[in-house]
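Working notes, beginning with the structure itself.
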Amino acid sequence: MIRRRPRTAWVLALATAGCAAVREPLPEGAFIRDPLPPPQLPPPAEPGKLPDPPAPDPVKAREGAAAPLALGEVLASVQHFFPLLLAVEQEREVAAGQRLSAEGGFDPVVRGRGAERFGTFGNGVLDLGVEQASPFGGATTYAGWRLGDGNFPIYYGERKTADGGEFRAGVSVPLLQNRDIDPRRARLRAAQIQERLADPAVARARLDFLRSAAQAYWAWQTAGAQYRVADGLLRLAEERQVQFDRRAEAGAVSEFVAAQNRRAVFARRELRLSAERALQQAAVRLSLFVRDAAGNPVVPPSDWLLPDFAALEPPAPRPDQLARDVEGALARRPELERFRLEKERRANDLQLATNQLLPEVNTFAAAAQDVGFSKKTFTGTGPFATDRTFAEVGASLAVPLPFRAARGLTRTAQAQLAQLLFQERYARDEIAAQVQDAVSELAQTYRRVAAARGELGQAARVVELATRRFEADRTDLFELNLQEVALAEARGRVANALGLYFGAVANYRAVIGLDAAAGVPPGAGGCVLPATDPAVGPPPPGERGGPNPLPQPRPVP
């Protein structure tokens, strides 16, 4: 009668459940960073309302016609609600997932096998085990239990165990290849570096988006000032037309003068329509950066414009700080941090490739012990002594001559590392050139503001004199219109120069590696000194302390 043997299915299930409770194999502090928490989406809010960033310095909410839109509010909206920036920030989660996947190379592997044989030698075998790779020294440990029950041929006598089965354990330790680094650890190290690479990528995107937002804001302010100039020019002609029409009806002036001024009214009306279109276009462009708490674009109305934009007095740049600006940019620009991490990753590849040049020499040790009662078979000695204790110590050697794969990988890694060194050198030169160009742009646009205001003063004086001459009938209306148009053009050039200057400030801060909403580090110097002004608005919440780095607008006395 054949003795019933235990079924293998329930044993496999129990073993799998037990192995599921195995602790994380990587000990704490094994150079593995915790995954970054995902960014929290803002809560929904009433559409058509600028966002209220969280404490400590909330940006004031807007209800209908409110105070002028501050640049700080625009930058806060970009940092909290701009979709492209939020998309780039997801790189952190992508890299964290890749790092977690690389950690999976050190997860314990549970293996199981069971079989039931029938025939002359009816027997059953069940084999369960767990294998664990270690991040320290490349060692691999394993442990398991097996059960062999039934009749075995003499050449498979080692498969038979006692009723309680056989417990075994062992360890394999590399001595040369894979001792300091192996593919598992190299992949994990590369994933950790990739996770850190997400930070400079986000920083670079933030610099670009904040610069674009600030420039769009100042372009909108410039367009608003241009519209005011065109509107004032038209109103002047319309008011004069009312007077001419009355005087023409009374016979005090000729029809020619009234018709000439009427032509100027239509011409100036066309100019105002063109300025209105430019203002609408600038507002739509700015709406990409001004968003409500639900993330929807908000087209800023004209009553959010600064009423005295053309009267702002920008701070004078200091081109003598160029050397300190270059030094600060080289210390802060995220591109150079990216190069540092890329070189670290290539060095990791080179170390792995160099590791492959070593011969594979591994030592191993194993032990096994049967437990439980067992019926002796044959003589009960030798391989059929089921109460036996087993131990083994040994070594293995593998040499893949002539190491062409490893030499090829080493050569590739060395060349890639050399590429990065040359690219980093050019990036440094390019940053220095960008700082020099940004400082030059600041200095020139500041001079343009001064020159435009000088022209404006003279144009206003000429209009004043031309008006007196016209009232004294010493000149005609055509000449007066020409001088009024010249005055309007001078005002427009002042507004344009101011917009270019503040746009240059935004570009300058991005070039030296400072967020447009971040404070200037102590002793950093800089071409433009920061200052705080109510028109600019408070810095966005969550930033480090420090003065608002935006230029201080001061009304002209």
Side-chain angles (χ1 to χ4, degrees), residues 1-25 27 106-179 182 360-398:
M1 181 176 180
I2 300 177
R3 196 178 80 182
R4 294 192 59 180
R5 305 174 184 85
R7 295 186 178 271
T8 60
W10 65 271
V11 182
L12 281 171
L14 289 176
T16 304
C19 292
V22 177
R23 293 184 57 190
E24 169 65 35
F106 296 95
D107 289 344
V109 179
V110 178
R111 306 181 190 278
R113 177 179 177 274
E116 191 83 14
R117 297 181 179 86
F118 303 94
T120 304
F121 296 97
N123 57 73
V125 292
L126 179 64
D127 196 341
L128 298 174
V130 58
E131 181 179 313
Q132 174 65 68
S134 170
F136 303 106
T140 301
T141 58
Y142 67 92
W145 171 84
R146 70 183 183 91
L147 175 66
D149 186 26
N151 296 320
F152 294 90
I154 190 172
Y155 42 84
Y156 285 148
E158 77 281 355
R159 295 183 179 178
K160 185 173 179 61
T161 67
D163 290 345
E166 177 190 77
F167 290 92
R168 66 185 184 279
V171 61
S172 176
V173 180
L175 298 181
L176 293 178
Q177 186 181 122
N178 298 332
R179 184 188 65 177
D182 56 56
E360 185 177 347
V361 180
N362 298 332
T363 61
F364 59 88
Q369 176 65 57
D370 279 56
V371 295
F373 173 78
S374 176
K375 179 181 178 182
K376 305 293 183 178
T377 60
F378 298 98
T379 62
T381 60
F384 298 100
T386 53
D387 56 349
R388 62 188 177 276
T389 298
F390 170 81
E392 181 183 21
V393 177
S396 62
L397 171 67

Is there a side-chain contact between [X] and [Y], using heavy atoms and a 4.5 Å cut-off?
X: E131; Y: T140; value: yes
X: N123; Y: N151; value: no
X: V125; Y: Y156; value: no

Applying side chain to side chain contact (heavy atoms under 4.5 Å, CB included) to V171 and not counting sequence neighbours gives T141, V173, A365

Where do [X] and [Y] come nearest, in terms of heavy atoms and distance?
X: A366; Y: Y142; value: CB-OH, 3.3 Å
X: Q132; Y: P108; value: OE1-CB, 3.5 Å
X: P174; Y: G137; value: CG-O, 3.4 Å
X: G372; Y: A162; value: O-CB, 3.5 Å

Taking atom [atom1] of [X] and atom [atom2] of [Y], what is their separation to the nearest 0.5 Å?
X: D127; Y: R111; atom1: CG; atom2: CZ; answer: 11.0 Å
X: L128; Y: R146; atom1: CG; atom2: CZ; answer: 12.0 Å
X: F390; Y: E158; atom1: CZ; atom2: CD; answer: 10.5 Å

Between [X] (side chain) and [Y] (backbone), is there a donor-acceptor pair under 3.5 Å?
X: T161; Y: L147; value: no
X: N362; Y: S396; value: no
X: W145; Y: G164; value: yes

Applying salt bridge (Lys or Arg N to Asp or Glu O under 4.0 Å) to E392 and not counting sequence neighbours gives none

Sorted by chain and number, sequence neighbours left out, salt bridge (Lys or Arg N to Asp or Glu O under 4.0 Å) with R159 holds for none

Exercise for review: List the steps, then state whether salt bridge (Lys or Arg N to Asp or Glu O under 4.0 Å) holds for R168 with D370.
Suggested key: CA-CA 9 Å; R168 66 185 184 279; D370 279 56; over 6 Å; no

